[in-house]
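Numbers restart at 1 for each chain; the letters A, B, ... are given by sequence-line order, proteins then strands.
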Amino acid sequence: MESLLKEKVAHIVEQLYSYKISPDQVLVNVPPKEHACDFTVVIFPIAKQAKKSPDQAASEIGTELQKSIDSLAGYEVVKGFLNLKLSDEFWIQFFSEKSLDATYGELPSTGKKVMIEYCGPNTNKPLHLGHLRNIFIGFSMSRILKAAGNEVVKVNIYNDRGIHICKSMLAYQKFGNHETPESSSTKGDHLVGEYYVRFDEELKREVSELVSTGMAEDEAKKSAPINKDIQQMLREWEEGNTPVRDLWTMMNGWVYQGFEETYRRLGVDFDKAYYESETYKLGKSFVDEGLANGVFFKKEDGSVWVDLTADGLDQKLLLRADGTSVYITQDIGTANERWNDFHPDQMIYTVANEQDYHFKVLKLICAKLGKPYAEGIYHLSYGMVDLPSGRMKSREGTVVDADDLIDEMETVAATLSKEQGKMEGLDAKQQKELFRMLGLGALKFFILKVDPKKRMVFNPEESIDFHGFTGPFIQYTHARIKSVLRKDTSLRAERSNLRHSLETLEKLEPIERELILHLQRYPGTISESAAAYSPAILANYLYYLAKTYNQFYQELPILSAEKPEQRDFRLLLSSFVADVLKKGMWLLGIEVPERM
RNA sequence: GGUCCGGUAGCUCAGUUGGAUAGAGCAUCAGCCUUCUAAGCUGAGGGUCAUUGGUUCGAAUCCAAUCCGGAUCACCA
């Protein structure tokens, strides 16, 4: 409808004032609530060009629109804004067409393939709150991008090698005593994480011991025996030393099992996993390529660099003097590998904004190398998650563990639900499922409702709130609608039968109109979310939809509506709202219950 | 110091390519359950949109400067 309006207005402007504007130069807005109308055309820019007063131009355009759009019920000129109101018949007709369309909100294909990476954990400790924001954003975006008409490939990257991985291995070697996840009944990733912490403790102990003998702190760190062992272990790993590799395989296996369990609980998945241990050498061939092209240069010590000063960045190392590669080199290799695997039109990296610089460099280097995928590299940069007490710091033990957090959310969900006393009719299994849904819904929504780009504060108490702008509020609204629909025991149960009643429906109540208008914005919201890489836009939309529905629910009777066609319409309207809530929440990776 | 990001109600956040009197939630206060789920709804109070200047019919939004916070500028990943 909006685009039709724009076209009409553009056409009228051309006829009336004989100058050309394109339809997308016409500004059509959502009017403020107190004006009882559906769309607002902003006239100022047009009036200026036409050399007319805004009010005069507005009423002239309004008159012409009235002639050319049958369903225009009326217009009103207020201070240079042209407010348009469409007829109830138009909206009823729109509603009639869309409310039973199962594909509503699925946009036409763009023909593009998009790869999105998210999660990207190290394999030396369990997932934490920071990973959760990453996963929620990435997973939700994968669904939103798909709804927006793209083919989507979800990938994970495991940082499964390197000095930090060796730390937990070494600690296990020294103190592990053949402990396993089974023998200690500890989730694999948590067990490995314990040894990672153990390493640091041991290092600290050795350092303070050396310092007490009079050694300087820096010196002590260098000469601590455990630090020498770790360098040795890394070398052995790289040489393929069998015992070290076996230990590595075993411990990483535990971690992957643990991660899998967490993914399952979160309801997220991936199409393919990449492992740094398999890709860390891939970048080296591009170093030769870049040298041959004169894109890179070699210093006297043999190290290879790229000069990005002309692009406002620095010189960047690509290959150490000893011939080993660094992070950025590996990422060049990995990007190329992914291109070979899938040929995506776009490669999205969901990575925290502390790596903004890194991805600028990556994209720039790929472009300099003339890679076809360079243009499609997009860093979905999200802000860090802070606690009310400040930044999470692993050293200070303030990191919020993902599994613990999920447990806690479910526990609180259970407590709150039982307090409400709404559990009748649900057996133990269904209850447990509901608590999981609500706890996760609260957590995911709390994180997703914030613009990804922005740093956010995670307040544990507020995150499990069930009131107001929360996931459970929307879940509740869905369950509430389903409850009403279940109570409709008449022969009208088949929704498509209800449609005939719409033909006799004459007028809409204001709140019904508002609901339809908002429902009409759903597809646009999807494309906006996709274009902005922001699930938050969708989250805000869904909240407003649920809120408007609750208002409607409060104001008007549904099952006991005065006229049968009103009753039927409101049932259909409720059902449509439930569908959009469910679909929209699904795009956020959140399930909604039938009852709660 | 260079670069990048941010600053909106007591707190947490919305606010579209510049558009009407800057909106929600939480918290506070006052109402609404003999009627479809009160995890709901209605209302009240609460703002120098960090500051100053500029651009124009119009600025929270764009530009410049300043202040404050964060990130980054590793032969770590």
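Of all nucleotides listed (B:A71, B:A39, B:A77), B:A77 comes nearest to the side chain of A:Val326. Relative to the side chain of A:Arg480, the nucleotides B:A20, B:G19, B:G40 differ in distance, and B:G40 lies closest. Of the candidate nucleotides B:C13, B:C41, B:A14, B:C13 has the atom lying nearest to any side-chain atom of A:Val457. Considering only side-chain atoms of A:Lys48, the nucleotide from B:C57, B:G70, B:C13 that sits closest is B:C57. Checking B:A39, B:G19, B:A24 against every side-chain atom of A:Lys547, the shortest atom distance belongs to B:A24.
Between A:Phe466 and B:A39, a base-stacking contact is recorded: ring centres under 5.5 Å apart, planes less than 30° from parallel. Centre separation under 5.5 Å together with a plane angle under 30° does not hold for the ring of A:Phe473 and the six-membered base ring of B:A39, so they are not marked as stacked. With centroids closer than 5.5 Å and planes inclined by less than 30 degrees as the test, A:Phe44 and the base of B:G19 pass as a stacked pair.
Nucleotides B:U16 and B:C26 are separated by 26 Å at their C1' atoms, to the nearest Å. Using C1' as the reference atom, B:G18 and B:U55 are 11 Å apart when rounded to the nearest Å.
Taking a pair as Watson-Crick or G-U with both hydrogen-bonding distances under 3.5 Å, the stems of three or more pairs touching RNA chain B are B:1-7 with B:67-73, B:10-13 with B:23-26, B:28-32 with B:40-44, B:50-54 with B:62-66.
Side-chain N/O atoms of A:Asn83 and base N/O atoms of B:A20 include a donor-acceptor pair closer than 3.5 Å.
Remark: A:Lys299 is positioned above the aromatic ring of A:Trp305, its terminal NZ or CZ atom under 6.0 angstrom from the ring centre and at most 45 degrees off the axis. With a 6.0 Å cutoff to the six-membered ring centre and a 45° limit on the axis angle, A:Arg161 counts as a cation-pi contact of A:Tyr280.
Remark: A:Arg486 is not in phosphate contact with B:U37, judged by side-chain N or O atoms under 4.0 Å from OP1 or OP2. When the side-chain nitrogen and oxygen atoms of A:Gln420 are compared with OP1 and OP2 of B:A39, one or more of them lie within a distance under 4.0 Å. Remark: A:Lys454 is in phosphate contact with B:G7, judged by side-chain N or O atoms under 4.0 Å from OP1 or OP2. Not one side-chain nitrogen or oxygen of A:Arg595 sits closer than 4.0 Å to the OP1 or OP2 atom of B:C36. For A:Lys79 and B:U21, the shortest distance from a side-chain N or O to OP1 or OP2 is below 4.0 Å.
Because its glycosidic torsion is within 90° of 0, B:C33 is reported here as syn.
For A:Lys449, the NZ atom sits in a packed shell: over 12 heavy atoms of surrounding residues, nucleotides or ligands are nearer than 6.0 Å. Around CG of A:Asp322, the count of heavy atoms belonging to other residues, nucleotides or ligands within 6.0 Å exceeds 12.
A straight line from OH of A:Tyr327 to P of B:A77 spans 10 Å, rounded to a whole angstrom.
In this structure, A:Thr477 reaches neither bases nor backbone, as no heavy-atom distance under 4.0 Å exists between it and the strands shown.
The aromatic rings of A:Tyr533 and A:Tyr378 sit parallel, their planes meeting at an angle under 30°, below the 60° perpendicular limit.
Judged purely by atom type and a 3.5 angstrom limit, A:His518 has no side-chain atom pairing as donor or acceptor with the backbone of A:Leu515. Judged by distance alone, with hydrogens and angles left aside, the side-chain atoms of A:Gln25 form a donor-acceptor pair with the main-chain N or O of A:Ser22 at under 3.5 Å.
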